[in-house]
Amino acid sequence: PVRIRATGIEKTYTGRDGDVQALSGMELDVYDSEFFCLLGPSGCGKSTFLRLVSGLLEPDAGEIEIRTESNGDRPSTSMVFQEKGIFPWKSVLDNVAFGLKMRGVDRQKRYEIAREYIEKVNLSEFENAYPHQLSGGMAQRVGIARAFANDPQVLLMDEPFGDLDAQTKRYLQEELLSLWSESRKTVVYVTHDIEEAIQLGDRLGVMGARPGHVKEIVDVDLDRP
Ligand code: ADP
Ligand code: ADP
């Protein structure tokens with residue numbers, strides 16, 4: 001099991017136009033195997049929190065504990081972004097296989113795994129296509145297939161469906177939930193869309209305006225497929 005616990009997090013960015021406080025007094029526990037949604041308005045610090053969890057950023061103060069309980073190691077994470085997540089010069093197959101290649105999985109095995117996940121997101125016909133040939137929804141499915149194919153302990157998703165039309169969004173939410181139910185990975189999913197948060201999350205952390213922190217935790221009672 002993995003453990004994610006943020007206590008007393010402070011994070012300020014220093015830029016040319018002065019300081020921007022992104023997080024202040026952030027407290028949060030994310031439990032193993034849950035689908036956690038972090039909900040809040042644009043600019044409240046959601047992405048900053050994900051960057052802290054992934055280790056891309058360090059807090060100015062406070063502690064972010066992220067470890068595997070069995071051995072104390074930092075769990076593996078994969079991130080899915082709203083855009084820019086996939087390589088335009090790589091085919092769908094090579095995009096999905098990329099993380100496996102980085103981990104040294106041999107070519108035959110990584111293509112086998114990649115094809116399995118490409119099929120799960122219904123893109124088998126497009127495995128040799130390139131990103132510019134795909135719709136926005138298809139491109140996000142590539143990102144999701146890659147994230148799951150990497151088999152991380154924790155999946156971090158930053159408004160992956162933010163740019164999609166309502167129907168495509170619903171369809172991809174279903175696909176994501178079905179992939180997630182098979183794997184029960186720990187997910188931290190960031191969105192400003194309350195409907196989406198309720199649709200996807202086991203628990204919601206509701207953030208206020210900046211300086212950002214979680215104001216309320218909501219348990220969502222859902223019948224999972
Ligand atoms: P959200 O994901 O909720 O939209 P962010 O974590 O991206 O919020 O941003 C929180 C605040 O920090 C915002 O005011 C944003 O403009 C600011 N911010 C984010 N990244 C940077 C950065 N690299 N440099 C300066 N300010 C930043
Ligand atoms: P890259 O460096 O582009 O991530 P690789 O080094 O794994 O990819 O492979 C180089 C190219 O050769 C790939 O883009 C891929 O299309 C092609 N290729 C090599 N072997 C295979 C294979 N067994 N099946 C499909 N494509 C292959």
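Whatever order the structure lists ligands and atoms in, that order sets their numbers, starting from 1. No hydrogens, no waters, no symmetry mates; every other heavy atom, side chains included, goes into these values.
Using a 4.0 Å heavy-atom cutoff, G15 is absent from the residues neighbouring ligand 1. Using a 4.0 Å heavy-atom cutoff, H192 is absent from the residues neighbouring ligand 1. The shortest heavy-atom distance from G40 to ligand 1 is not under 4.0 Å. The shell of residues lying under 4.0 angstrom from ligand 1, judged by heavy atoms, excludes G212.
Residue Q21 does not touch ligand 1, judged by heavy-atom distances below 4.0 Å. Residue contacts with ligand 1, taken as heavy atom pairs separated by less than 4.0 Å, involve T48 via backbone and side-chain atoms alike.
When each of T12, L56, L23 is paired with T48, the side-chain contact (heavy atoms from CB on, under 4.5 Å) condition holds for L23 and for no other.
Listed by atom number, the atoms of ligand 1 under 4.0 Å from R51 heavy atoms are 20 (N). In the vicinity of V20, heavy-atom distances shorter than 4.0 Å reach the ligand 1 atoms 12 (O), 14 (O), 17 (C). Residue contact check: P41 has heavy atoms under 4.0 Å from atoms 3 (O) of ligand 1.
Under the 3.5 Å distance criterion, the side-chain polar atoms of R103 are matched with a main-chain donor or acceptor of N150. Side-chain atoms of E10 come within 3.5 Å of backbone N or O of G25 as a donor-acceptor pair.
Comment: E182 engages K120 in a salt bridge, judged by a side-chain N to carboxylate O separation of less than 4.0 angstrom. A salt bridge between E65 and R67 is present, with a side-chain N of the basic residue lying under 4.0 Å from a carboxylate O of the acidic one. Note on K101 versus D94: no salt bridge recorded, every NZ/NE/NH1/NH2 to OD/OE distance being 4.0 Å or above. A salt bridge between D151 and K185 is present, with a side-chain N of the basic residue lying under 4.0 Å from a carboxylate O of the acidic one.
Considering both main-chain and side-chain atoms, S47 comes within under 3.5 Å of ligand 1 through a nitrogen or oxygen pair. Below 3.5 Å of separation, one finds no N or O of A22 facing any N or O of ligand 1.
Judged by the 6.0 Å distance and 45° axis criteria, R146 is positioned over the aromatic ring of F87.
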